[in-house]
Amino acid sequence: MPLAQFDGALAVVTGAGAGIGRATALALAERGANVVAADIDLAAAERTAALAKSVGAGGTAYQVDVSDAAAMESFAAAVKEAHRAPDIVVNNAGIAVAGSFLDTSLEDWDRIVGVNLWGVVHGSRLFGRQMHDRVHTLPNKPDKPNLGGHIVNIASAAAYTPTRTLPAYCTTKAAVLMLSECLRAEFAGSRIGVTAVCPGFVTTDIVANGTFVGDAEAGERTRQRSLKALKARNYPPERVAERIVNAIVKNKPVVPVTAEGHLLRALSRVSPASLRLLARIPAPRG
């Protein structure tokens with residue numbers, strides 16, 4: 001069942017300090033949600049919370065490393081104690097690692113899997129349990145059954161687009177997409193909707209803050225080319241936030257975002273061989 005009413009809802013957003021996370025937190029706040037803005041950068045989370053207060057019902061900032069299981073346990077417990085079980089959870093925190101598989105170290109893998117996958121696992125498990133328990137322990141009214149809530153996991157068009165230049169990133173995002181599909185099936189009985197959102201090229205800081213493995217000079221050239229491409233594409237995170245809000249209202253399972261996101265999703269279904277061929281193309285030099 002979709003959670004279509006945002007007024008008075010409690011929304012938890014990770015990676016809320018900037019980009020898609022901040023835009024989503026503000027979009028929910030504007031519609032009446034009380035926002036819990038979580039980020040590893042506390043100052044950034046506090047700025048988002050202040051903005052949420054200025055446009056909506058309220059905002060609270062928390063500092064948390066989503067890859068840290070114990071920290072996430074404490075965070076989820078603190079949210080429930082200070083507020084209640086959330087109605088909306090947006091597992092948005094993510095990082096990028098670019099470069100060949102053989103250049104990607106175990107430390108790089110540990111870091112990206114910790115944030116991109118384990119962060120989603122922790123957020124979905126801990127807050128999903130709170131939502132589940134609310135439905136199955138509180139008394140239901142025949143005219144107004146308890147809503148479990150809605151979980152949004154931010155994947156990527158990379159989840160279904162293989163490439164030789166982003167093996168670690170693509171792998172973690174593909175895992176997020178599949179996890180979301182599995183959770184949607186399991187949580188449906190608890191009236192918890194689950195959506196995987198798959199943005200394409202969006203103007204955020206993920207490239208600027210990303211790790212480029214291998215040759216340092218080549219990596220920096222790739223970073224600068226990517227930043228120029230994102231600037232030229234000029235797809236703002238606020239438009240992704242609008243798609244997220246719509247997905248919650250309509251309880252959509254998978255939401256590609258941007259034209260390339262839709263195109264690559266279609267190709268992954270009708271012509272996966274074409275994507276495998278594209279995956280072999282090396283990054284341009286220079």
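Counting from 1, the numbers follow the sequence of the chain as shown.
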Membership question, hydrophobic clusters at under 4.5 Å side-chain separation (ILVMFWY): are [Y] and [X] in the same one?
X: Met72; Y: Ile95; answer: yes
X: Val249; Y: Leu28; answer: yes
X: Val240; Y: Leu26; answer: no
X: Leu263; Y: Leu277; answer: no
X: Val115; Y: Leu42; answer: no

Ignoring hydrogens and geometry, is there a side-chain-to-backbone donor-acceptor pair from [X] to [Y] under 3.5 Å?
X: Thr211; Y: Val97; answer: no
X: Lys173; Y: Ile154; answer: yes
X: Arg269; Y: Arg265; answer: no
X: Arg134; Y: Ala85; answer: yes
X: Arg164; Y: Arg280; answer: yes
X: Thr258; Y: Gly261; answer: yes
X: Arg22; Y: Ala44; answer: yes
X: Ser190; Y: Ile192; answer: no
X: Asp110; Y: Glu107; answer: no
X: Asn153; Y: Ala196; answer: no

Rounded to the nearest 0.5 Å, what separation is found between the [atom1] atom of [X] and the [atom2] atom of [Y]?
X: Arg31; Y: Ile88; atom1: CZ; atom2: CD1; result: 10.5 Å
X: Ile20; Y: Ile206; atom1: CD1; atom2: CD1; result: 8.0 Å
X: Thr104; Y: Arg111; atom1: OG1; atom2: CZ; result: 11.0 Å
X: Ser124; Y: Glu186; atom1: OG; atom2: CD; result: 10.5 Å
X: Ile40; Y: Asp68; atom1: CD1; atom2: CG; result: 9.0 Å
X: Leu166; Y: Ile112; atom1: CG; atom2: CD1; result: 8.5 Å

Judged by modelled atom types alone, do Thr14 and Asn92 share a side-chain donor-acceptor pair under 3.5 Å?
no
Side chains of Asn251 and Arg184: donor-acceptor distance under 3.5 Å anywhere?
yes
Apply side-chain contact (heavy atoms from CB on, under 4.5 Å) to the pair Thr161 and Cys170, showing each step before the final yes or no.
CA-CA 7 Å; Thr161 311; Cys170 290; 5.7 Å; no
Restricting to non-hydrogen atoms, name the atom on [X] and the atom on [Y] that form the minimum distance, rounded to 0.1 Å.
X: Ala52; Y: Gly59; answer: CB-CA, 4.2 Å
X: Asn91; Y: Gly123; answer: OD1-CA, 3.4 Å
X: Gln130; Y: Pro86; answer: OE1-CD, 3.2 Å
X: Ala33; Y: Ala11; answer: CB-CB, 4.3 Å
X: Gly200; Y: Ala157; answer: CA-CB, 4.1 Å
X: Gly8; Y: Asp87; answer: O-OD2, 4.4 Å

Step-by-step side-chain contact (heavy atoms from CB on, under 4.5 Å) determination, Thr60 to His83
CA-CA 10 Å; Thr60 309; His83 304 277; 3.7 Å; yes
Would you say [X] and [Y] make side-chain contact, with heavy atoms under 4.5 Å?
X: Val36; Y: Val13; value: no
X: Asp39; Y: Thr48; value: no
X: Asp103; Y: Ser100; value: yes
X: Tyr235; Y: Val257; value: yes
X: Ile244; Y: Val255; value: no
X: Val254; Y: Cys198; value: yes
X: Phe75; Y: Val12; value: yes
X: Arg243; Y: Val197; value: no

Tell me whether the guanidinium CZ or amine NZ of Arg125 lies under 6.0 angstrom from the six-membered ring centre of Phe127 and within 45° of its axis.
no
Should [X] and [Y] count as an ion pair when the cut-off is N to O under 4.0 Å?
X: Arg223; Y: Glu220; value: yes
X: Lys80; Y: Asp133; value: no
X: Glu73; Y: Arg129; value: no

Got a sec, which residues hit ring-ring contact (aromatic ring centres under 6.0 Å, His included) with Tyr160, two or more places apart in sequence or on another chain?
none
Would you check, one step at a time, whether the test side-chain contact (heavy atoms from CB on, under 4.5 Å) holds for Phe101 with Thr171?
CA-CA 11 Å; Phe101 173 77; Thr171 298; over 6 Å; no
Stepwise side-chain contact (heavy atoms from CB on, under 4.5 Å) test for His122 and Val66
CA-CA 7 Å; His122 296 321; Val66 298; 5.9 Å; no
Contacts of Ala18 meeting side-chain contact (heavy atoms from CB on, under 4.5 Å) (sequence neighbours excluded), chain-then-number -> Asp205
Qualifying residue, where the test is side-chain hydrogen bond (donor to acceptor under 3.5 Å, both in side chains) with Thr195 and the options are Lys250, Lys252, His150
His150
